Amino acid sequence: MATGGGAMDLASGMGGSIEKEQMLTAVAEYEKYHMYYGGDEGSRKSNYTDMVNKYYDLATSFYEYGWGECFHFAHRWKGESLRESIKRHEHFLALQLCLKPAMKVLDVGCGIGGPLREIARFSRTSITGLNNNAYQISRGKELNRQCGLDESCDFVKGDFMKMPFSNDTFDAVYAIEATCHAPDAVGCYKEIKRVLKPGQLFAAYEWCMTNSFDPKNEEHQKIKAEIELGDGLPDIRTTNQCIEALKSAGFEVLFEENLTVSSTVPWYAPLDASSFSLSSFRLTALGRFLTRNMVRMLEFLRLAPEGSERVSSFLEKAAEGLVAGGRKEIFTPMYFFLARKPLNDNQS
């Protein structure tokens, strides 16, 4: 499948590694984890591997069709295109980590490796992408091969709660909108600290509820549930919970900031019905409307597997929740932090 390809590329990738005739069943099983379908947080956390794997099998082709290789939001200046802001967002992270040639770097929850490739080219480092989804790894390896990074960068299949790496392996670790899938933030951050060399840095963009979120507000809870359903999340932590989890895991927190506050273009603008852009048309409300109708037709013609339209629907629910969360300033997809593993750390 070509990155950012057309309708047939989207149809051919639907379901990821799930057998086409099993896709409808997989959609139903995924939906049942979430509040809208009677699910609960405990079920999502105890079955997070199955839930997140199903989510990315079902959603990756849609993401690639709409976003390209990099599935994340970005701090954005006026006059800056979405693509330009995404690259700058990735470069900012690399600079905060002080990446230099020959460093060995880990990308936790790397997707199909769009940020991995951009950061590797920008910093001339060797990056390993950790991902537990076989379909995304196969896409990532093919895209690495196409751009000539298949020898300097690689992918490893594994769970970021139980990483298949020795202690003190990496010179730097980062995660871009990925560790929000973890059922236990402290456990995830402890694993990251374990594989990071003493004195070295970990940086991340986290999805969080802000201090404006009121757990007793029904509308706020509805928005949160829409985001969890449409983005494969067991729960969404608050920014305070995120920082406390880092400290509990043994990290020294050097810097933290909700970058949405200083973004002169709202981070959710690409999804907002009031915004329109030809360069990111597929992400706009009109673009998503046309995509849903195209998917409906492809499924009717049996060119896309049964269940494809339902995936499109819960992804649209996510877009609605994200825009609402952004407008009310109760949610951020770019809570940035920079943390260091203590030099004298001896925890295994």
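Just so it is clear, the values below take in all heavy atoms, side chains as well, and ignore hydrogens, waters and symmetry mates. Bear in mind the structure is a predicted one, so any value in this text is a computation, not a measurement.
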Quick one, E226 with L229, criterion side chain to side chain contact (heavy atoms under 4.5 Å, CB included). Give me CA distance, side-chain angles, the key distance, then yes/no.
CA-CA 5 Å; E226 287 176 344; L229 166 66; 5.9 Å; no
Centroid-to-centroid, Y205 to H89, below 6.0 Å?
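That pair passes the under 6.0 Å test.
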Can we call the ring centroids of Y56 and H181 under 6.0 Å apart?
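For Y56 and H181, the ring centres are under 6.0 Å apart.
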Can you check whether [X] reaches [Y] side chain to side chain, under 4.5 Å on heavy atoms?
X	Y	answer
V173	V105	no
I18	Y135	no
Y63	E69	no
W77	S85	no
N211	T238	no
I127	D154	no
C208	T332	yes
N132	V52	no

For [X], salt bridge (charged side-chain N to carboxylate O under 4.0 Å, His left out) partners two or more places apart:
X	answer
E256	none
E329	none
K45	E41

Closest approach of [X] to [Y] (non-hydrogen atoms, all atoms of both residues):
X	Y	result
L99	S123	CB-CB, 3.7 Å
N144	C153	ND2-O, 3.6 Å
F122	A94	CD2-CB, 3.9 Å
P198	D345	CG-O, 4.5 Å
F155	L116	CE2-CD1, 4.3 Å
G199	R340	O-CD, 3.4 Å

Please name the residue in the list W207, Y268, F213, F73 that meets the ring pair (Phe, Tyr, Trp, His ring centres under 6.0 Å) test with F331.
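The residue from W207, Y268, F213, F73 that satisfies ring pair (Phe, Tyr, Trp, His ring centres under 6.0 Å) with F331 turns out to be W207.
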Given F202, which partner from the list F336, F251, F255 fulfils the ring pair (Phe, Tyr, Trp, His ring centres under 6.0 Å) test?
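Result: among F336, F251, F255, F251 is the only option passing the ring pair (Phe, Tyr, Trp, His ring centres under 6.0 Å) with F202.
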What I want to find out is whether [X] reaches [Y] closely enough, with some N-O distance under 4.0 Å, to be called a salt bridge.
X	Y	value
E219	K222	no
R145	E142	yes
E64	R139	yes
K247	E252	no
R44	E228	yes
E31	R310	yes
R194	D168	no

Verify, without hydrogens or angle tests, whether [X] (side chain) and [Y] (backbone) share a donor-acceptor contact under 3.5 angstrom.
X	Y	result
S248	E244	yes
K20	P305	no
S263	P266	no
N131	G111	yes
K341	K193	yes
T264	R76	yes

Does atom [atom1] of [X] have more than 12 heavy-atom neighbours, drawn from other residues, nucleotides or ligands, at distances under 6.0 Å?
X	atom1	answer
E21	CD	yes
K32	NZ	no
K87	NZ	no
R124	CZ	no

Hydrophobic clusters here meaning ILVMFWY residues chained together by side-chain heavy-atom distances under 4.5 Å, can you tell me if V253 and Y174 are in one?
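Hydrophobic grouping puts V253 apart from Y174.
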ILVMFWY cluster, M161 and I236 together (side-chain gap under 4.5 Å)
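Different hydrophobic clusters.
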Looking at residues at least two apart in the chain, or sitting in another chain, which of them share a side-chain contact (heavy atoms from CB on, under 4.5 Å) with F165?
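F165 satisfies side-chain contact (heavy atoms from CB on, under 4.5 Å) with L106, T128, L130, V156, M163, T169, F170, V195 once adjacent residues are dropped.
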Once side-chain contact (heavy atoms from CB on, under 4.5 Å) is applied, do any residues pair with E316, and if so which ones, sequence neighbours excluded?
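For E316 the side-chain contact (heavy atoms from CB on, under 4.5 Å) partners, ignoring immediate neighbours, are R288, R292, A319, E320.
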Among D159, D235, D184, which residue meets the side-chain hydrogen bond (donor to acceptor under 3.5 Å, both in side chains) test with Y48?
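So the option named by the test is D159.
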Donor-acceptor side-chain pairing of [X] and [Y] below 3.5 angstrom:
X	Y	value
T260	N258	yes
Y33	D50	yes
H75	S262	yes
D171	Q200	no

One pair to check against side chain to side chain contact (heavy atoms under 4.5 Å, CB included): H34 and M51. What are the steps and the verdict?
CA-CA 10 Å; H34 293 276; M51 182 190 70; 3.8 Å; yes
What distance separates [X] [atom1] from [Y] [atom2], expressed to the nearest 0.5 Å?
X	Y	atom1	atom2	answer
R237	E206	CZ	CD	5.0 Å
H72	I176	NE2	CD1	5.0 Å
T60	N133	OG1	CG	5.5 Å
L149	S126	CG	OG	10.0 Å
R88	E90	CZ	CD	11.5 Å
Y30	L58	OH	CG	8.5 Å

Could you walk me through whether K328 and S212 pass side chain to side chain contact (heavy atoms under 4.5 Å, CB included), step by step?
CA-CA 8 Å; K328 291 186 175 296; S212 298; over 6 Å; no
Would you list the pairs meeting side chain to side chain donor-acceptor pair (under 3.5 Å) in which at least one residue belongs to residues 298-307, sequence neighbours left out?
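Counting only pairs at least two positions apart or across chains, no side chain to side chain donor-acceptor pair (under 3.5 Å) contact touches residues 298-307.
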